[in-house]
Amino acid sequence: MTRPMVEIRELRKTYDTGESKVTPLEGVSLDVAEGEFLALMGPSGSGKTTLLNIIAGIDSATAGTVVVNGTDIRGLSDAKLARWRTRNVGYIFQMFNLLPVLTALENVELPLNLLPVGAGRRRRQAEMALTAVGLADRLKHYPRQLSGGQQQRVAIARAIVTDPRIIVADEPTGNLDAKSEAEVLDILSQLNRRFGKTVIMVTHDPHSASVARRVIHLDKGILHDTQQPAPAGKEAP
Ligand SMILES: Nc1ncnc2c1ncn2[C@@H]1O[C@H](COP(=O)(O)OP(=O)(O)O)[C@@H](O)[C@H]1O
Ligand SMILES: [Mg+2]
């Protein structure tokens, strides 16, 4: 039996801006087992980012149950949630979200600053993560000196540097050319298959979704689940 990594029950999310209320998620339930690679699809505005942010503990649910890696994260204080997030979840954004004034190495070291890790180990772990994404020769480069695909690989290194069990990615290939897209999808597949990371990836693109083993469609707050055939020979073309 594989352990559940995400258990969501009757999730509701309402944004209340004062003038208007928006409820992108209503009655959403979702189970993701440890080691799954899940693609989350759906039209713009259907609540994909909201759901991902709630799983990652970046945003909070209005009602319902959210258990991730065995922790009921709705019950955590802000400080505990921040620490939990650093250890448990790696987040990859569409726009990379690297700090422009820091080198690749310094960007990747950032999450480790929130943990009791000394400078030497911080440096070694960040170097290892950048090596894992094929950027051992770009440690001292600034984001502006890297291509989009390389910047996204730095962002992946930053997401895995704390060795989280779960990786969430919000349209990680949305800003990349076809070659960089294939590289990023390949790295996510490797993290899933070789290192057993649970990956949840939001994407618009059916081609990107095809690397996942399960695809979920979110439409008007309702989830539709599709099991894909095993991704045999799914190496990037
Ligand atoms: N911080 C926010 N405040 C108010 N409304 C929001 C906020 N974030 C998202 N929304 C609204 O929630 C809905 C879902 O947004 P989102 O999760 O970003 O959709 P998707 O990622 O599928 O495009 C949209 O209608 C959006 O306008
Ligand atoms: Mg979105």
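Whatever order the structure lists ligands and atoms in, that order sets their numbers, starting from 1.
Distance CZ/Arg213 to CG/Asn192: 4.5 Å, rounded to 0.5 Å. To the nearest 0.5 Å, atoms CZ (Arg121) and CG (Leu112) are separated by 8.0 Å. With rounding to the nearest 0.5 Å, the separation of OG in Ser60 from NZ in Lys13 is 4.0 Å.
Annotation: atom 15 (O) of ligand 1 to nearest protein heavy atom, Thr50 OG1, 3.8 Å. Of the protein's non-hydrogen atoms, the one nearest atom 18 (O) of ligand 1 is Thr49 CB, 3.7 Å. Regarding atom 6 (C) of ligand 1, its nearest protein heavy-atom neighbour is Tyr15 CD1, 3.2 Å.
Using a cut-off of 4.0 Å between Lys/Arg side-chain N and Asp/Glu carboxylate O, Arg9 and Asp31 are scored as salt-bridged.
At under 3.5 Å, a nitrogen or oxygen of Lys48, whether backbone or side chain, sits near a nitrogen or oxygen of ligand 1.
Gln94 lies apart from the Mg ion (ligand 2) in this respect, since none of its N, O or S atoms is found at a distance under 2.8 Å.
Side chain of Gln150 to main chain of Leu135: no donor-acceptor pair is present (N/O by atom type, distance under 3.5 Å, no hydrogens or angles).
In summary, of the residues considered (Val161, Leu130, Asn97, Leu99), a side-chain contact (heavy atoms from CB on, under 4.5 Å) with Asn107 occurs for Leu99 alone.
Protein heavy atoms come within 4.0 Å of atom 10 (N) of ligand 1. Checking atom 26 (C) of ligand 1 against the protein gives no heavy-atom contact under 4.0 Å.
Distances from atom 13 (C) of ligand 1 to the heavy atoms of Pro43, Pro24, Gly47 put Pro24 nearest. The option from Ser20, Ser44, Gly45 that lies nearest to atom 14 (C) of ligand 1, judged by heavy atoms, is Gly45.
Contact annotation: the side chain of Leu139 never approaches that of Thr103 to less than 4.5 Å [non-hydrogen atoms, C-beta and beyond].
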